[in-house]
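A quick note: this is a predicted structure, and the numbers were derived from the prediction, not measured. All chains are named by letter (A, B, ...) in the order of the sequence lines, taking the proteins before the strands, and each is independently numbered beginning at 1.
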There are 2 protein chains.
Amino acid sequence: MDKRADIIACAASAFEADGFRGIGVDKVLAPSGASTRTLYKHFGSKDGLVLAVLEERHRLFGAHLEAAGKGADPVATLFETLRQWLAEHGARGCMLLRARAEYAAANGEIVALVRRQKDEFRQMIARRVEAALGWKDAGLATQIWLLFEGATAAASVADLSVVDEARAAAHSLIEAAKSHRP
Amino acid sequence: MDKRADIIACAASAFEADGFRGIGVDKVLAPSGASTRTLYKHFGSKDGLVLAVLEERHRLFGAHLEAAGKGADPVATLFETLRQWLAEHGARGCMLLRARAEYAAANGEIVALVRRQKDEFRQMIARRVEAALGWKDAGLATQIWLLFEGATAAASVADLSVVDEARAAAHSLIEAAKSHRP
DNA sequence: CACAATGTAAAGCGTTCGTTTTACATCGCA
DNA sequence: TGCGATGTAAAACGAACGCTTTACATTGTG
């Protein structure tokens with residue numbers, strides 16, 4: 001019975017739906033049934049909870065990617081995992097970037113955390129691009145990353161097929177790169 | 001001396017820096033020197049001001065695109081205008097999508113407005129893709145859109161060169177499309 | 001001049017915010 | 001058995017919130 005993990009999981013849904021600044025701690029805690037006292041024992045502050053939620057969110061999506069494996073096409077797997085994630089959690093834009101934007105002027109720790117997480121994410125994509133291509137291509141890796149972030153953002157105002165379109169674009173770019181340095 | 005426009009312009013900067021829910025009307029009005037009374041005369045509510053800011057933001061970026069013209073490469077112009085915009089206004093993610101996310105559960109009118117604006121934006125991209133290609137390609141237009149949204153989001157946690165990378169990717173995709181149906 | 005429109009200045013409305021505090025229940029372990 | 005750790009319940013804190021109101025200054029136009 002890990003109350004801390006329970007609070008984080010329920011809080012993530014609440015923040016996802018109402019934003020971080022737009023919801024109070026009482027409503028954030030309501031789904032988990034925890035009291036405010038327990039919140040401040042575990043996290044110290046609302047911002048502390050936000051940090052924990054972001055870390056867990058990043059870890060969980062990474063775990064999904066690991067579980068999906070790299071398969072024959074490690075880049076396509078990226079977008080298939082994204083589509084499945086969005087179908088399950090709802091498409092409201094990247095929670096990490098949303099938090100960064102809402103706390104840009106209010107909490108530098110959150111800004112720094114998200115920057116670190118995105119750097120890590122980019123490196124993971126670069127590794128997959130190298131596996132698909134046979135050699136490193138930093139520019140191509142960035143382009144795949146942009147398609148990923150674009151699909152995540154766009155899915156909040158369009159249907160999930162944009163993720164398939166991103167996957168197709170990534171495939172085109174990789175094929176073009178292959179033909180230029182075979 | 002258009003006080004209404006002045007309030008909107010100053011409020012846009014304030015919302016950009018602190019988010020929409022994370023800042024009070026007093027601080028939003030401070031840069032323009034307007035009183036809360038003037039705010040409620042003009043916009044009726046804080047949410048009304050947000051709607052006006054979003055409409056102006058969408059209109060202004062469209063005007064920048066118009067001013068830049070379509071040139072020889074109407075799609076490249078898209079990304080060059082974006083880079084210039086981000087350099088001038090700062091890269092904190094698309095303000096429209098940020099508002100949509102913050103008001104997803106609180107204000108359906110804002111959600112609907114942003115959806116309309118993004119649909120309009122996609123159609124403008126589709127027209128540019130058709131001009132560059134010589135024929136319509138809805139899938140390709142969506143892919144270019146994803147690169148645009150991806151670059152806008154990514155620039156908040158990376159440097160502005162990601163916009164150039166997005167432009168390069170768009171160029172690759174268009175060249176590939178040309179060669180497949182010449 | 002008079003009047004309507006438009007603005008600022010500032011106090012105050014009730015509500016909600018993040019946070020702290022007091023009081024009490026439950027459980028694993030020495 | 002007893003005690004510390006961990007939890008809920010609920011009240012209360014000052015501050016900030018969105019918004020309203022009263023009072024007064026400025027300005028363009030009949």
Output yes when at least one side-chain N/O atom of [X] is less than 4.0 Å from OP1 or OP2 of [N], else no.
{"X": "B:S45", "N": "D:dG18", "value": "no"}
{"X": "A:S35", "N": "D:dA10", "value": "no"}
{"X": "A:K3", "N": "D:dT8", "value": "yes"}
{"X": "B:H42", "N": "C:dT6", "value": "no"}

Quiz prompt | Side-chain touch A:F79/A:V75, heavy atoms, less than 4.5 angstrom | solution = yes
Quiz prompt | A:E165 vs B:L140 side-chain heavy atoms within contact, under 4.5 Å | solution =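 Answer no - side chains too far apart.
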Quiz item: If you pin A:A34 and B:V25 to their nearest nucleotides in DNA chain D, which one's is more 5'?
Solution: A:A34
Suppose we screen for side chain to side chain contact (heavy atoms under 4.5 Å, CB included). Which residues come up paired with [X], at least two apart in sequence or across chains?
{"X": "B:D18", "result": "A:A105, B:I23"}
{"X": "B:A68", "result": "B:T77, B:T81"}
{"X": "B:E66", "result": "none"}
{"X": "A:A99", "result": "A:F20, A:L54, A:I110"}

Quiz prompt | Residues that B:H89 engages under ring-ring contact (aromatic ring centres under 6.0 Å, His included), provided they are two or more places apart | solution = B:W85
Self-check item: Under the side-chain hydrogen bond (donor to acceptor under 3.5 Å, both in side chains) test, residues paired with A:R57 that sit two or more places apart
Solution: A:E16
Self-check item: Test side-chain hydrogen bond (donor to acceptor under 3.5 Å, both in side chains) applied to A:R92 - qualifying residues, sequence neighbours left out
Solution: none
Quiz item: Using a distance-only test with no angle check, is there a side-chain donor-acceptor pair under 3.5 angstrom linking B:D47 and B:S45?
Solution: no
Exercise. Give, ordered by number, those residues of residues 10-23 of chain B having at least one heavy-atom distance below 4.0 Å to an atom of DNA chain D; if nothing qualifies, reply none.
Key: B:I23
Quiz prompt | Residue-level proximity of residues 97-114 of chain A to DNA chain D when a heavy atom falls under 4.0 Å | solution = none
Quiz prompt | Check: B:S156 side chain, B:T152 main-chain N or O, donor-acceptor pair, under 3.5 Å | solution =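 Between the backbone of B:T152 and the side chain of B:S156 there is no qualifying donor-acceptor contact (under 3.5 Å).
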What is the distance, rounded to the nearest whole Å, between atom [atom1] of [X] and atom [atom2] of [N]?
{"X": "A:K46", "N": "C:dC17", "atom1": "NZ", "atom2": "C1'", "result": "8 Å"}
{"X": "B:K27", "N": "C:dC17", "atom1": "NZ", "atom2": "P", "result": "17 Å"}
{"X": "A:R4", "N": "D:dA5", "atom1": "CZ", "atom2": "C1'", "result": "17 Å"}
{"X": "A:D2", "N": "D:dA5", "atom1": "CG", "atom2": "C1'", "result": "15 Å"}
{"X": "A:L29", "N": "D:dA10", "atom1": "CG", "atom2": "P", "result": "15 Å"}
{"X": "A:K41", "N": "C:dT19", "atom1": "NZ", "atom2": "P", "result": "15 Å"}
{"X": "B:L39", "N": "D:dC19", "atom1": "CG", "atom2": "C1'", "result": "9 Å"}
{"X": "A:D26", "N": "C:dT19", "atom1": "CG", "atom2": "P", "result": "12 Å"}

Practice problem: Scan residues 116-135 of chain A for pairs that pass salt bridge (charged side-chain N to carboxylate O under 4.0 Å, His left out), counting only residues two or more places apart or in two chains. | Solution: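 Those involving residues 116-135 of chain A are A:K118-A:E149, A:E130-A:K136.
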Quiz prompt | Stepwise salt bridge (Lys or Arg N to Asp or Glu O under 4.0 Å) test for B:K178 and B:E175 | solution = CA-CA 5 Å; B:K178 277 182 181 171; B:E175 288 305 309; 3.6 Å; yes
Quiz item: Taking all atoms of both residues into account, what is the closest heavy-atom pair of B:R4 and B:A52, and its distance?
Solution: NH2-CB, 4.2 Å
Quiz prompt | Estimated bend of the helix from C:dC1-D:dG30 to C:dA30-D:dT1 (axis per five terminal pairs, rounded to 10 degrees) | solution = 0°
Exercise. Would you mind building the protein contact string for nucleotides 20-26 of chain D? One character per nucleotide, 5' to 3', B for base within reach (heavy atoms under 4.0 Å), S for sugar-phosphate only, - for untouched.
Key: BBBB---
